[in-house]
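Keep in mind the model is a prediction, meaning the values are calculated, not measured. Within every chain, numbering begins at 1; the chains are lettered A, B, ... in the order of the sequence lines, protein sequences first and strands thereafter.
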Protein chains: 2
Amino acid sequence: MPAEPARRRPPLIAVDAMGGDHAPDEAVAGAVAAQREHGVHVVLVGRAPEVRARLLALGAVDEIPVVHAEDVLGMGEGAMSSWRRPRSSVAVACRLVRSHQAQAMVSAGSTGGIVATSTVRLRPQSGVLRPALAVALPTRPNPTVLLDAGANADAKPEMLVQFAHLGVAYAQTALGVAEPRVGILTIGTEPGKGNKLARKASELLADPPEAPADAGRLHFLGNVEGHDLLAGQVDVVVTDGFTGNVALKSVEGAVRFAFEEVRSAITSRPLARVGAVLQRGRLRELRERLDSDTYGGAALLGLNGTVVIAHGASRAAGVARACVLARDLAEGQITELISKRVGPHRATWLQRLNPSEGE
Amino acid sequence: MPAEPARRRPPLIAVDAMGGDHAPDEAVAGAVAAQREHGVHVVLVGRAPEVRARLLALGAVDEIPVVHAEDVLGMGEGAMSSWRRPRSSVAVACRLVRSHQAQAMVSAGSTGGIVATSTVRLRPQSGVLRPALAVALPTRPNPTVLLDAGANADAKPEMLVQFAHLGVAYAQTALGVAEPRVGILTIGTEPGKGNKLARKASELLADPPEAPADAGRLHFLGNVEGHDLLAGQVDVVVTDGFTGNVALKSVEGAVRFAFEEVRSAITSRPLARVGAVLQRGRLRELRERLDSDTYGGAALLGLNGTVVIAHGASRAAGVARACVLARDLAEGQITELISKRVGPHRATWLQRLNPSEGE
């Protein structure tokens, strides 16, 4: 269990005003809501005249500072083209974090572009092989953290072990779970099931080769299957970025599908339609909870600075939630926690990999 | 489009009376229902005295022949231990298919055991690298066939191309789709996205190296993401058995989760509870449709004989549905169709693989 982090100055969150399908309107409104309703300290990054006009409309021009960035990453832009643009709002927000002017960054822009830009500009933490995307699934009573949700399509077993450490740090920091339980996503529940990657990673997780320091201990429970993702049996589920992304989107698609089928079922007959009217409010609440908890923000973990990626379709509420998550992760000092967990193991990790994989 | 299969003697379906959580009761009742209600010709395989007692209770002892098999595969048994048992009901059912006494086999036993036993006893068709498990997802108006749903945890790109042919043959035979649209499950919609396996398989699917015969043509539409699985945009989705199994179970788990959340939402307030009562019938119907259409039967394709694996928890209705699927596949001559699609390409497939992968 990590030591209680010392209370320092509240973290400042750099919010990309230009990222997302509804930017800058919803991004700016989200930042304002985060500060006003949740007490998150924010700074907006983007085209200053556009951002100030929105702040003015919200009566918030004196509340929130703006840092100008003349360029914007397009939503459809590939990773390569994105990180070559040093004046994009994402790049400028990264610079604020790198120089410790801000403690974390939030954007609703394209995931590929943000992962590429922030990996290049913030760099992986010492000892971290690859950063990973962590998403909190809406299980109860606590969410389950799934990672990697898409940053690394091809992964190695050692990376999955590191993902476990990143996920544990997330669950401790953002979810307040003292000793998170870890599972590996695979097929079949018995040990020895799965593909080569999952089998090897499972072995490493069950029996770490070096005597782990206290900070590096994992509470590994073994195999988890696709239908357990929402069952809340573990706090952290690790997998490679390909499988994680497919699983996450399968869950998203299936929940949406089930809701549409339910809606069609409960309005298909006159008597049932009466029932539907009686339930409308509750179902709407439920749908929002599932949507937003799952996709409100994915945290890119393992870089020198915290990055939260809100869903591209986020409205103000989604951006505000992403700001709260970024604040919680920064306040809980997740990068320091990850450094304690992964740092001491670095030499061993690197030895096991090809030289070219060391960085 | 395949030629209309010639009408031959109706196929006989060998039903494993001993497989499944509720065997032999539900397996026998399912076989009886398949024959009485759906006109499927069945033969039951299992411990004859037990099976006959059930048939007697259903007044069907003179309707349905029984073939004795003294041994039973346990539900928890691994693949290796399963296929070593030559007198299990699954092995005996395979023998009936191998000797052309039956045209297809149905079992609700353990998937691992059935895949291992039937692969050894029926052997892959000439030219087929690996058999694959195909599952029909409950999309509308036609189901979408997902394969491989778990037979091969580690696959090669060439196998995914073959899975496309197997899936097309399934969609043509069991679903009546003249020219099935094929997609590959991956992350990201643009070409070049995904892990190494998906990228390479996608290239092969988009640009087959040899001039395809008419029978071997594929209508490949490109990338499909996890949230498209239930959207019905394609008729066949190919992936490796690890990703396919994770995706399938993620969908299953998410649908179940959504239903439970809906049930809790619509019964949490007195007024809403009234609504729930009004809708009970419709919701139950819906849940059954989603459960059974998705998991009623997975077809193991690519062997010398058709094998349908019903869900282990199947009741009589699920077993009967699996019998209907087996009959449709056999009647549509799916093995002949697969042979036409995959056979001519064999030399090329084998050349590309390591010698050890040839069989």
Side-chain angles (χ1 to χ4, degrees), chain A residues 78 112 138-139 150 153-155 185-188 190 193-199 225-231 239-243 245-259 261-262 264-266 268-269 271-279 281-283 285-286 289-290, chain B residues 78 112 138-139 150 153-155 185-188 190 193-199 225-231 239-243 245-259 261-262 264-266 268-269 271-279 281-283 285-286 289-290:
Chain A
T139 52
D154 290 290
L185 183 60
T186 186
I187 65 178
E190 309 88 24
K193 291 280 187 172
N195 61 6
K196 283 178 201 156
L197 173 65
R199 288 203 307 272
E225 290 196 90
H227 47 226
D228 303 324
L229 279 177
L230 299 175
T239 185
D240 63 278
F242 185 82
T243 309
N245 192 275
V246 166
L248 184 66
K249 289 185 175 161
S250 298
V251 164
E252 180 187 42
V255 167
R256 196 185 306 151
F257 175 82
F259 269 103
E261 293 284 323
V262 166
S264 128
I266 66 183
S268 64
R269 289 179 201 163
L271 211 64
R273 210 174 297 135
V274 174
V277 170
L278 299 178
Q279 295 158 358
R282 282 291 290 152
L283 285 176
E285 274 169 42
L286 172 61
R289 187 176 77 80
L290 292 182
Chain B
T139 53
D154 290 290
L185 183 60
T186 184
I187 65 179
E190 309 87 25
K193 290 281 187 172
N195 60 7
K196 282 178 201 156
L197 173 65
R199 288 204 307 272
E225 291 197 90
H227 47 227
D228 302 325
L229 279 178
L230 299 174
T239 185
D240 63 278
F242 185 82
T243 309
N245 192 275
V246 167
L248 182 67
K249 289 186 174 160
S250 297
V251 165
E252 180 188 41
V255 167
R256 196 186 306 151
F257 176 82
F259 269 104
E261 293 284 323
V262 165
S264 128
I266 66 183
S268 63
R269 289 178 200 161
L271 211 64
R273 209 174 300 136
V274 174
V277 171
L278 299 178
Q279 293 157 0
R282 280 292 289 153
L283 286 177
E285 275 170 39
L286 172 61
R289 188 175 76 80
L290 292 182

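Arg199(B) places a side-chain heavy atom less than 4.5 Å from the side chain of Asp154(A).
Interface summary for chain A: among Asn195(B), Val246(B), Leu230(B), the most heavy-atom pairs under 4.5 angstrom belong to Asn195(B).
Thr243(B) pairs by the side chain to side chain donor-acceptor pair (under 3.5 Å) definition with Asp240(B), not counting sequence neighbours.
When heavy atoms are compared at a cutoff of 4.5 Å, Ala198(B) approaches chain A solely by way of its side chain, counted from C-beta outward. Only the side chain of Leu229(B) comes within contact range of chain A, with at least one heavy atom under 4.5 Å from a heavy atom of that chain.
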>> Could you walk me through whether Lys249(A) and Asp228(B) satisfy the side-chain contact (heavy atoms from CB on, under 4.5 Å) test, starting with their C-alpha distance in whole Å, then the side-chain angles of each, then the deciding distance to 0.1 Å, before giving a yes or no?
In response: CA-CA 8 Å; Lys249(A) 289 185 175 161; Asp228(B) 302 325; over 6 Å; no
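Taking every heavy atom of both residues into account, Gly194(A) and Ala153(B) meet most closely at O-CB, 3.5 Å. Between Ala254(B) and Val255(A), the shortest heavy-atom contact is CB-CG2, 4.0 Å.
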